[in-house]
There are 4 protein chains.
Amino acid sequence: MDVGFVGLGAMGTPMAERLLQAGHAVRAWNRSPPALDGLLAKGALPSQSPRDAFAGEAALTMLADDAAVRAVILEQDVLAHAPEGLVHVVCATLSVEFAKELEEVHRHHGVAYVAAPVVGRPQAAAAGELNVLAAGDPEAIRVVQPLLDAFARRTWTLGDEPHKAKIAINFLIAAAIESMAEALALAEGHAVDPARLMEVVTGTLFAAPAYKTYGDLILARKFQPPGFKVTHGLKDVKLALAAGEQAHVPMSFAGILRDNLLDAMAHGGLDQDWSALAGVAFRRAGQTQEP
Amino acid sequence: MDVGFVGLGAMGTPMAERLLQAGHAVRAWNRSPPALDGLLAKGALPSQSPRDAFAGEAALTMLADDAAVRAVILEQDVLAHAPEGLVHVVCATLSVEFAKELEEVHRHHGVAYVAAPVVGRPQAAAAGELNVLAAGDPEAIRVVQPLLDAFARRTWTLGDEPHKAKIAINFLIAAAIESMAEALALAEGHAVDPARLMEVVTGTLFAAPAYKTYGDLILARKFQPPGFKVTHGLKDVKLALAAGEQAHVPMSFAGILRDNLLDAMAHGGLDQDWSALAGVAFRRAGQTQEP
Amino acid sequence: MDVGFVGLGAMGTPMAERLLQAGHAVRAWNRSPPALDGLLAKGALPSQSPRDAFAGEAALTMLADDAAVRAVILEQDVLAHAPEGLVHVVCATLSVEFAKELEEVHRHHGVAYVAAPVVGRPQAAAAGELNVLAAGDPEAIRVVQPLLDAFARRTWTLGDEPHKAKIAINFLIAAAIESMAEALALAEGHAVDPARLMEVVTGTLFAAPAYKTYGDLILARKFQPPGFKVTHGLKDVKLALAAGEQAHVPMSFAGILRDNLLDAMAHGGLDQDWSALAGVAFRRAGQTQEP
Amino acid sequence: MDVGFVGLGAMGTPMAERLLQAGHAVRAWNRSPPALDGLLAKGALPSQSPRDAFAGEAALTMLADDAAVRAVILEQDVLAHAPEGLVHVVCATLSVEFAKELEEVHRHHGVAYVAAPVVGRPQAAAAGELNVLAAGDPEAIRVVQPLLDAFARRTWTLGDEPHKAKIAINFLIAAAIESMAEALALAEGHAVDPARLMEVVTGTLFAAPAYKTYGDLILARKFQPPGFKVTHGLKDVKLALAAGEQAHVPMSFAGILRDNLLDAMAHGGLDQDWSALAGVAFRRAGQTQEP
């Protein structure tokens, strides 16, 4: 297919590479052009603007948050100029309100809209092992399914608002990181071998990717480079808190996560992975941050 | 082997049954005798006292907490009367201090001591799928290994203080329950299908027994009968908090868990499973507690 | 003076009455006109629109939040039509960002702007016992000082951003309410006479209006009518959390306050006073909500 | 009167000095004798043992906690040797359980027992400005009233268990410290003058000793020498948590206080005043700890 890709950061780049490998033509655009170099070398076509990227059969956007989608797509009036039949696949995790607004704007411009937040880190993207939570017109999803299949293990449909499910899942990941962080600070404080503890944990009740992936990062105190930044983690925890607020749902764990992500940011964590929550736990306990 | 079994509650009973099925002779004792009836019908031998049960080659105790072990074993001077060579396998989760005291008392009386807290719920015990965290004299562990194999999928060794690891693991389970509870209250508040959400969660990053088992209980709001009681959960969270205190490790999630378990207890949760943490989350959000 | 007053809710009404009593001419406007009846009977002049109210020497606005100020003042282009020399006194507690925006808009239109969030409840307003945190051009403050003196015990200047101080003070009040709520739930649970306890508390280390006022409301479980609504309390706690976020300041107490205010809202608290935080504490502990 | 005084730490010393100044004969004993030198120079009589101190008409004990009272009074069998008619005044803050046990032991030995936890810091003791929460046989209280009057501004009676009230009050103090700490970290993060903010706070709604005393310590970041140690603060917060547990009262603020006091202890706070909670807030926000 002839597909545009807007937003080539840590996640977007391996996703676009998978599209190229699967034989699709990829029109690439990124706010900061140098990030495109690697992708162009692999065969992507440079676009001069988001509108340029939205000129084929489909366009994927993997942007950071509500504000980035607003700035790149809405304020540059990209949808008004999209060719008939183009399907826009939005992979970012958005707020509940903005997701609604975005849907309406697409309807207004007659552009097919597929919400498709992805679950997984850059390595999973590179391996074609992401999970996609898709919603939208079934025909539109059918059209872009080959694109999703290029980087995803599976596409899940969850009613019409996958962003809410994505927000819940990202909250669960953050909570699992914090849980491991506290458990490992406890182990450290009592001279229990943390690697052996995690071996038991992920060998028994917690034999799951979230615990294995983040357990390894925490054990290695490898908070850089970021697969998913502390700042993005804070954004998503705030989306959970805001969604909770709308429905009068107290979320005590989310409140703690917010505080600890801020603590990380106050201690050099702006460019760290959100597994740096463990760095906060170790520092608070007076423990070393060295691996 | 000729083995005593003291403490035949929700966990002890299926463990003892597995020993019988494996061909061992089981001397059974329980504080409240009626609980023994089923086991005796399956071939266990009744004991008149804990001392009676400590008369064979080994004895397992599956008691609730420090206080129960003190009352049943230490205060009745059971160890002083144990036959030479008997190995005592302690399956309860104990506090860091009491575990040390218990080890010394055994040394004093020349009774081999194996700390063997178990990970898993009654159903896992009945299926021989528990995980055992064992510590003690390697020769003693070797002797009782066939007994452990009767109910455990695997025996893990973690240095000399498995109670600390067990405390950390139970904290992780409680934190996972609370995480799911908050995520599902959020889903409920936004009309996201909770069963479908959990299908995605346990089909992707959280494909692990802890999330599947407790996710099912929460979705069904099935907080009774208890596999592990709210009160035992509180005991274990308090062990984590106390261990944290000793090593100056703040544990914010554990503090929240403490509060929410108390909330459950204040609302009829004394005899509920600790998955009732979800009942607290639903009630706080003004949501129904009905399945 | 000839002064407009926009926003005649629980706080605005007694403030405007104090202006009338002090001999000022008051042009009154409120979104829902019936709320004006009492004030008009006492001599206020009805205004047909906010612009109408902004036709004298000064205008005070006591609106709920950023959104209300935006809707009533900015979107109705009130400032562009204000007479030369009019001083606008903004009494609401605003977010840090909106306060900045508002200052710029005033500068653009050449209207003098005094930020003057007030500390105190309706009864304090009626008694002329509010405290005002004022900022702005000293000459403009000098002009409106007689107006502030009509309802305030004292005007405090705190640099150029009194909203931040006001946010901090409202956080302190909310935290004091929650602290008393937890302490009194503890007393209740142990059959300690709560009234006697509060007598000691407010007779010794906590002999201060915040503890006396809210202690009395909590002891009487008098959460209605609201002097300051749960929903306004949540707004202000969120302003504190947002300000904390900007400066990477974790605020654990504020996070707890957020959760408990949501719990109140999920249990009929939308129209209660924020002292209903105590109702949450009592309910969580399974205690009666009756006085 | 002829009065013994056991426990001459930061609080006990000024209390005993006030007794001397009021003309009483003071038999002084302390676990570490050098602490007595100053007091002896002022006229106190040295005692060789706690029993020695318990040889007059009354004896006051100002010991750190349950364990210290157990070690010094119960295990040394002091009460069995007390002369007839002696009244024992216990000034420490004790756990609910131990307070009961202590009452029974006194009854058994026929020694009059007055529970008299004191509210206030060393400076207040030196100025005779403490508040005493007294309980016990009214006749016994009448007998020792002149002693209490030597160091207290007022004696409050609160039913038969003043320890519970004292625990609640100390929780309120800790919560006020943490509240100010978070508010001042917020102010610091936004360049609001913290001293000016506290001037408004303690000049208006929070014009109370707790806010003035601790506000000053926090502004000066003067966490040493300790008037009340972080470790004693943790003890009292734990007493509140334990009392809450008995009555199924969640205490979210107390949980946060526990964590933050542990954080202080992990960062050199073992010998600091519990106002060091503010040091934790500043450090978490990446702010300077220097005054």
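Keep in mind that this is a model prediction, so the values were computed, not measured. To find a chain, count down the sequence lines: A is the first, B the second, and so on, and within it residues start at 1.
Annotation: cation-pi geometry not satisfied between B:Arg70 and B:Phe98 (NZ/CZ under 6.0 angstrom from ring centroid, within 45° of ring axis).
For the 3.5 Å distance criterion, the side chains of B:Asp273 and B:Gln224 fail to qualify, holding no donor opposite an acceptor. Side-chain polar atoms of B:Asp263 and B:His267 form a donor-acceptor pair below 3.5 angstrom. No hydrogens or angles considered: a donor-acceptor pair under 3.5 Å links the side chains of B:Lys166 and B:Thr93.
In this structure, chain B has heavy atoms under 4.5 Å from both the backbone and the side chain of D:Leu241. Looking at B:Leu270, the atoms closer than 4.5 Å to chain D (heavy atoms on both sides) all sit in the side chain, from C-beta outward.
Chosen from D:Met265, D:Glu245, D:Lys238, the residue pairing most often with chain B at heavy-atom distances under 4.5 Å is D:Glu245.
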